[in-house]
Amino acid sequence: MTATLILWSHALAALLFGALALGQIRRPSGRWPHAMFVVALATTSLWLLAVAGIDSHDVATRIAGSVRDVAWLSFMLALVRRDRAGNYSIGAVYLVVMALAGAAALLAIVEQVGLDGDALVAVASARTVFRMMGAVSSLVLVHHLYQAAPASRGGIRLVVLALAVMWSADLLVSSAVYGEAHWIPIAILVRGVVMIGVAMLLVIGVHRSGDWTLALSRPTAIRALSAVALILYAGMTALATLIAASYAGPYARAAQTAIVFGATAAVLTLLSTPWLRAWTRVKVAKHLFRHRYDYRAEWQRFTDTLGKPGVGAESLDTRVVKSIADLTDSPGGLLLVPDGASLGIGATWNWVWTVDGPYEETLARHLVNDARIIELDPVRAGTAPADDVASVPVWLRDCMAAWAIVPLLHGGVLVGAIVLARPPVDRALDWEDFDLLRVAGRQAASYLAEDRAHAALADAARFDEFNRRFAFILHDIKNLVSQLTLVARNAERHADNPDFRVDMVATLKDSSDRMNALLARLSQHGPVRGEPLQPLDVAAIVERVAAVRQTQHPIVTRSRSACALGHAARLEQVLGQLVQNAVEASGAEDPILLTVETIGDRVAIDVVDHGCGMTPGFVRDQLFRPFVSSKAAGFGIGAFEARQLVHAMGGSIEVASREDEGTRFRILLKAAASLEVAA
């Protein structure tokens, strides 16, 4: 009874497939997928006839089944239109799955050459395993093809769904054969009934389908390739265990255990080794794709990294480094930012290598003039252009982890440069790397330039608010000074007691003088217009500041007699501010050191502490910015005002600081003697 049902179900399915093939032949479309569809329908009809008329176990039927699989896989491959990027990896996947079908057919032929009992069992098991691997791999490809088909293409989705049902039925029969189940005839009968339903689905899908072409994205192709590779890996492991069971004799269990353990260890090694994963990605991109990068995916990831702060609220500078490094799989990166006419170290991302040295202006000028990406290995080997070799500083050449320098240019202005760390799989940059990094560098530079412009506008807005508030304060102080002056005048005129009058007048005049001095100091940061610089006894001023602060904190002075040009009140104000900062940064018992010495034509005044110190980035970008302070209650105006006052006296301030070691502020003023000689 079961044999009869198998005959009629497969015969009816063969009739339906044959009729559908004839109908499609009469409606030629001139497209390659349509032609492959007709071939697949015809081969399926012949295979069903072989199952019905001969036997499902006959070699001819098995070969026809493999040919059917190859025909349907060819149709699916024809549906996938190759995009402009040259996505060849999906074609390689289809060829591998077709090879599985071919191997199953070849093993079916080998079974007929008169093998002995054990060899025949091993070949039959291997053929069944290949059939199962082919069915599972085909289902994976069907799944990805279904995902690639838009919802509006309902006809293609029905065709793909029909193929999924067909290979699911094949997998059911192969599993029954592999397990030597007693219900193998029932499984074959179910497959015949299922094929009738498949034919019906194909009829409906054909009438709904329009364009027969689809496009698979690179991620879809990579996922399909990975899935098929894992299926092949598992299938080959299962096949190896079957062969071991047939030929290893009493050591079969040990051999099978070793095979499974080795296969599992190999997979875990592949998945857990960054270098091996990176090497695999490079080889796949190199040999299966025309272009190294999936530009759509890379650009989306690039813009997402720039626009969204990551875990820990990373700064924009850090996100810029990460976004550029991710493009080339670099494990880290270093941002160089303008520091005067040269480039200094800015933000880092996963950069653990020590970099230090003088930052020459040559590199900054070269990046502005040339705007090219510099590959550092040719620079070290001396094969790079002469300008590149001459512009790269020695400390960067000596850092072997540094791989390339990407300039960040915005409107012809150098916003910064990124030093990329060497990727896990070392390679030379090619034209694709240069093009992508150049465009990404310009985009990142625009983000940095916009961020700095916003910061400048914010500073200007804060200055406006600062000036507005202090204008009111100055107005109030001016009124107070006027009132005190009036009181002093009245007291001079009406006081009866001469002693009281003298004390009151002295007190009021002192208050008036101090208020006027405060008013003058708040109204401007520089010296009074027309007031010349005066020779100053710098050592005496330093000793006076130290004496005032001694009650607050231990202070040590090492002063040599020196005469500089400036304004005594303003120099004392600057020293008081710097000493106060040093006291707040130091421990209660750590003394502050004040020194005075003459260096050439300059007088150097050092304020040294051994406190918490500051990072190079904070010193360069934050220390002298107004309204930015490392102290919770700080107003952020002291260091900015100190530098303004020193600059107004024709001097400069230098800062040297290391975290957890301390800070040295150095005030440099022009020596009075050198100016007299020049005059």
Handout entry: Qualifying side-chain hydrogen bond (donor to acceptor under 3.5 Å, both in side chains) pairs with a residue from residues 396-405, counting only residues at least two apart or across chains
Key = none
Problem - Summary of side-chain hydrogen bond (donor to acceptor under 3.5 Å, both in side chains) pairs that have at least one residue in residues 372-383, sequence neighbours excluded - result: D370-R372, R372-D388, D377-R380, D377-R422
Exercise for the section: With rounding to the nearest 0.5 Å, note down the distance linking CG in N369 to CG in D387. Expected result: 9.0 Å
Exercise for the section: Please round to the nearest 0.5 Å and tell me the distance separating atom CZ of R570 and atom CG of L536. Expected result: 11.5 Å
Practice task
Sequence neighbours left out, what passes ring pair (Phe, Tyr, Trp, His ring centres under 6.0 Å) with F302? Give chain and number order.
Solution key: W299
Practice task
Give a yes or no answer on whether the side chain of T615 reaches the backbone of F618 with a donor-acceptor pair at less than 3.5 Å.
Solution key: yes
Problem - H553 (side chain) donor-acceptor with S586 (main chain) under 3.5 angstrom - result: no
So, using side-chain hydrogen bond (donor to acceptor under 3.5 Å, both in side chains) as the criterion, who are the partners of [X] when residues are at least two apart?
X	value
R558	none
T663	S657
T318	S315
R301	E298

Any heavy-atom pair between the side chains of [Y] and [X] that's under 4.5 Å?
X	Y	result
Q577	V574	no
M614	V655	yes
D601	K670	yes
L565	L669	no
I405	I418	no
I667	V603	no
F665	D609	no
L336	I345	yes

Just to verify, what does [X] make a side-chain contact (heavy atoms from CB on, under 4.5 Å) with, not counting sequence neighbours?
X	value
A569	none
P338	L343, R452
S559	A539, V542, E543, T557, V596
A325	S330, W349, L420

Heavy-atom closest pair, residues [X] and [Y]:
X	Y	result
P331	P423	CD-CA, 3.8 Å
L327	A440	CD1-CB, 3.5 Å
P393	L363	CD-CD2, 4.0 Å
L367	P407	CD2-CB, 4.1 Å
V545	E572	CG2-CG, 3.7 Å
S391	I374	OG-CD1, 4.2 Å

Problem - Under the salt bridge (Lys or Arg N to Asp or Glu O under 4.0 Å) test, residues paired with R666 that sit two or more places apart - result: E597, D606
